[in-house]
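Below: the structure, in structure tokens.
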Amino acid sequence: MTTKSLHIALLITLCSGVWMQLQAQMEVEPAFCVEWNGIDGYEVRVQGFDDVESVQFSMRWDPTQAALLELVTVQDITDPSDFFLDNADEGELTMVWTDGGLSPLTLLDGEIFFSLRMDVSDVESGAPYITDDPLAYELTDADGNVYMELRAMANCLGSVRSGSLIRGTLLVDTDMDCESSAADRALPSTIITYMSATDTIHTRTDTDGNYLIELRPDDYQVDVQADDYLYTACQAYTLTVDDATAVDTLDILLEEQNICATVHIDMIHSAAITCDETIFQIHYDNRGTDVARGFFIDVSWDPSWSYVGSESAFVRITDELYRLLLPDVDPQSTGTVELRLFLDCDAEDGSSHRVVSQVLPVVYCEEISPDWSRASIEVEAECEGDSVRFAISNVGIVAMAEPLDGIILEDDLGGFVRDVLLPPGEQIIEKREANGSTWTLLIPQVSGHPGSSFPAVSIESCNDGVTMNSLGFRPDYAEDDEDVFIDRDLLIADRDELSLKSALPTGYGPENFISADRSIEYTLRYQNTTGLTLDRLSFVDEIPESLDIESLTDIQSSHPVQVILNSDNSITFSFTDLLLPDSSINSVESQIYVSYRLSPVEGIAPGTLIENYGELYLSYDRAAKTALVFHTVIDSLGPIITSLLDLPQSKELQIAPNPSASNNVIHLPNLVHDGNSSFTLISADGRVVVRSALLDNHIDLSPHDLPPAWYLLQVYTHEGHLYQAIIMLTE
């Protein structure tokens with residue numbers, strides 16, 4: 001991207017009457033403006049501005065690159081009469097301020113001095129900006145001291161479109177009259193969408209329920225992304241924008257549909273560093289319409305963790321389960337608790353270590369489907385001697401109405417668990433060899449079950465103490481934490497430099513396959529290794545069209561963060577007033593991180609590639625671009641071959657024998673052979689392991705040296721017919 005500078009010279013008068021002029025110019029790329037072809041805003045902030053009696057300076061810019069639209073002064077700090085704008089058309093403005101010795105001016109570090117709105121509509125790439133490096137200036141205070149830290153910072157104000165500014169508050173109409181009143185309750189952290197025939201623009205309410213959005217002239221419909229089983233809009237909100245410079249207000253009121261407390265929980269953590277502490281921040285949030293009473297939080301973890309401590313009153317249940325009783329939580333009220341866990345010194349780099357936080361009791365506020373039998377499946381896994389022990393339990397109050405088939409994977413290969421049919425309170429046990437492999441169990445939830453549960457559990461490093469462990473497979477599949485009352489995190493042990501961006505699940509196979517109906521939890525993370533204390537940092541995440549920006553949820557961060565939904569579908573996570581120390585001073589507290597969930601867009605086609613990356617800004621300078629994180633969408637919750645079996649126009653292929661030894665000859669009795677067919681064997685993770693011509697109705701497996709597992713066998717005939725079936729290969 002080409003950048004274009006705004007030239008600035010600042011002249012400030014000293015008490016002695018001596019004049020000093022310093023000039024500085026630097027080209028850096030601006031951090032937050034995402035659409036240059038419109039209106040850019042700039043804030044001029046100060047640092048070290050104490051007891052100042054007089055200031056004089058000038059600002060210059062290229063008038064072919066930008067035109068000054070408006071200068072916004074700050075009440076009680078500056079006044080329009082302090083500025084000379086006669087030469088603004090030529091790219092120059094001058095400020096002269098003095099208090100005549102009456103009341104010297106003091107501003108907090110980082111406080112806004114004044115703001116500018118610039119029209120850069122004719123700029124093809126890049127933008128004029130004000131650098132955040134120290135600039136030339138002179139000033140004096142009551143004691144005659146000279147200050148050297150007046151800074152003009154390239155912080156876009158959010159005016160990145162040429163349009164009308166709309167602001168307002170999202171309110172819950174507690175007195176049910178659809179009229180604003182002091183009793184109404186603000187609804188924070190909620191996405192509001194403005195839709196026209198040509199535009200779809202999103203904004204997000206802040207912690208006080210306020211929002212701000214800029215719209216081009218057009219007719220808009222307004223949509224609030226709130227749970228429809230709890231809230232409904234008081235009216236169909238619409239808005240016509242016909243003035244590109246107006247400022248309008250639109251408060252949006254929602255009525256309560258259901259009186260229910262729904263406590264959401266999210267967890268954020270520092271990195272998992274072997275033989276060191278990890279800090280876990282657990283955020284709870286009553287997003288319902290009633291007071292949440294009698295709720296508690298259970299936090300559990302793998303045996304690789306040990307409890308260090310917490311300032312909250314957690315009670316030990318077992319060595320790997322601690323409980324915290326929550327106070328009464330009012331609607332739209334939140335809280336955060338923190339605990340510290342120590343990761344075993346013997347944990348291997350790259351190994352995975354689970355921590356689970358859950359709000360209990362489980363409450364479903366949405367309408368329960370009449371098809372739900374009241375059965376409910378849960379799964380567990382543990383190392384047990386020379387075995388991996390899986391337990392599939394019905395924790396519901398009635399028997400399962402129909403049998404379910406599950407899948408057990410060894411690393412990325414595996415087989416079925418068939419015909420699971422359990423009475424209430426019963427379980428079945430499946431055991432596999434503790435050979436160092438990563439073992440994973442996936443099974444659908446019973447039909448009609450409320451919420452978003454899909455039981456899944458994995459375990460690694462179960463072995464005899466001698467066998468090598470296969471690592472890296474455990475994060476491939478989504479944890480069972482789509483429900484709002486539970487958060488399961490897999491932390492990867494790592495002694496090396498932290499990854500700037502990561503995602504869970506990682507997806508399985510080389511294509512990183514994920515299901516279309518599962519969300520992705522992204523984490524942006526940075527450790528300060530600059531040698532300096534950082535006061536400002538931002539992540540800008542480029543969100544592809546394959547992800548639904550309206551599904552943005554579960555935003556958690558290590559430090560207070562401002563979340564901005566930009567007009568180009570990117571998200572800015574902005575951290576200010578950090579005092580983030582260098583890693584040499586404090587390894588844990590030098591980390592900063594934010595996590596959030598996004599889901600694929602509705603109706604996304606199988607095979608769609610989801611690519612996502614972000615950028616890191618230290619202060620206002622671009623510092624790094626994250627690695628690309630990608631996933632490939634399939635339409636099945638299990639391994640890809642269960643999805644491929646549902647391909648339209650495919651015919652069932654008969655195989656004999658099945659199961660078969662991996663060095664056997666298999667026969668295909670129902671195949672109409674045309675002398676020019678081909679066959680393909682696909683592994684559980686979607687990899688093509690064999691592709692060859694098919695000369696007749698049998699296949700000799702012995703030349704292919706296939707490991708024991710299950711595979712999808714596909715046969716394509718010369719006429720274009722597809723036959724397919726799953727085959728199990730044994731030793």
Side-chain angles (χ1 to χ4, degrees), residues 189-190 225-231 257-267 282-290 292 294-300 326 329 331 354 356-380 392-402 404 406 420 422 424-425 441-457 477-489 504-505 514-521 548 550-556 596-600 602 636-638:
S189 305
T190 304
Q225 305 303 310
D227 293 326
D228 56 8
Y229 50 82
L230 290 175
Y231 305 103
Q257 288 287 97
N258 183 15
I259 304 302
C260 182
T262 172
V263 181
H264 295 210
I265 192 168
D266 300 300
M267 184 165 55
I282 301 168
H283 180 85
Y284 60 89
D285 179 3
N286 181 5
R287 301 188 193 178
T289 56
D290 196 10
F295 286 82
F296 57 91
I297 296 175
D298 274 357
V299 187
S300 58
L326 292 179
V329 185
R354 180 187 286 114
V356 181
S357 58
Q358 181 172 6
V359 172
L360 294 167
V362 172
V363 176
Y364 297 105
C365 288
E366 64 264 42
E367 184 177 351
I368 302 299
S369 169
D371 298 330
W372 181 36
S373 64
R374 268 53 179 183
S376 184
I377 296 296
E378 286 187 1
V379 294
E380 296 176 324
I392 306 173
S393 304
N394 177 6
V395 297
I397 59 175
V398 299
M400 295 172 59
E402 55 187 8
L404 297 173
V420 176
L422 293 169
L441 169 64
L442 307 167
I443 189 169
Q445 188 54 268
V446 298
S447 177
H449 196 283
S452 306
S453 171
F454 187 92
V457 67
Y477 295 89
E479 294 289 301
D480 186 14
D481 66 349
E482 292 285 313
D483 284 316
V484 298
F485 50 79
I486 189 168
D487 193 359
R488 301 174 187 263
D489 279 359
L504 286 174
I514 62 164
S515 302
D517 56 356
R518 303 303 299 269
S519 65
I520 304 170
E521 182 178 19
D548 181 6
E550 295 181 12
S551 69
L552 176 67
T553 187
D554 295 356
I555 302 173
Q556 295 301 315
Y596 50 98
R597 285 183 182 271
L598 288 166
S599 299
E602 186 175 354
S636 167
L637 289 168

* **Non-neighbouring partners of V362 that pass side chain to side chain contact (heavy atoms under 4.5 Å, CB included), sequence neighbours left out** => Q358, L360, Y364, F485

* Residue list, side chain to side chain contact (heavy atoms under 4.5 Å, CB included) with D548, at least two apart or on another chain -> E550, S551, V601

* Partner set under salt bridge (charged side-chain N to carboxylate O under 4.0 Å, His left out) for D554, not counting sequence neighbours -> R597

* Asked: side-chain hydrogen bond (donor to acceptor under 3.5 Å, both in side chains) with Y284: which residues, sequence neighbours excluded?
  -> none

* Give a yes or no on whether E380 atom CD has more than 12 heavy-atom contacts from other residues, nucleotides or ligands under 6.0 Å away. => no

* For D480, which residues count as a side-chain hydrogen bond (donor to acceptor under 3.5 Å, both in side chains) partner, sequence neighbours excluded? -> S453

* To do: Decide yes or no for E482 and S519: does some side-chain heavy atom of the first lie under 4.5 Å from some side-chain heavy atom of the second?
  => yes

* Asked: Checking D227 side chain against Y231 main chain: does a donor-acceptor pair fall under 3.5 Å?
  -> no

* Asked: Taking N394 for the side chain and L422 for the main chain, is one N or O donor matched with an acceptor at less than 3.5 Å?
  -> yes

* Asked: Shortest non-hydrogen contact from E402 to S447?
  -> OE2-CB, 3.8 Å

* Any idea which heavy atoms bring A261 and N286 closest together, and the distance? -> CA-OD1, 3.9 Å

* Structure fact -> Correct closest heavy-atom pair for P331 and G288 would be CB-O, 3.4 Å

* Partners of D483 by side-chain hydrogen bond (donor to acceptor under 3.5 Å, both in side chains), sequence neighbours excluded? -> none

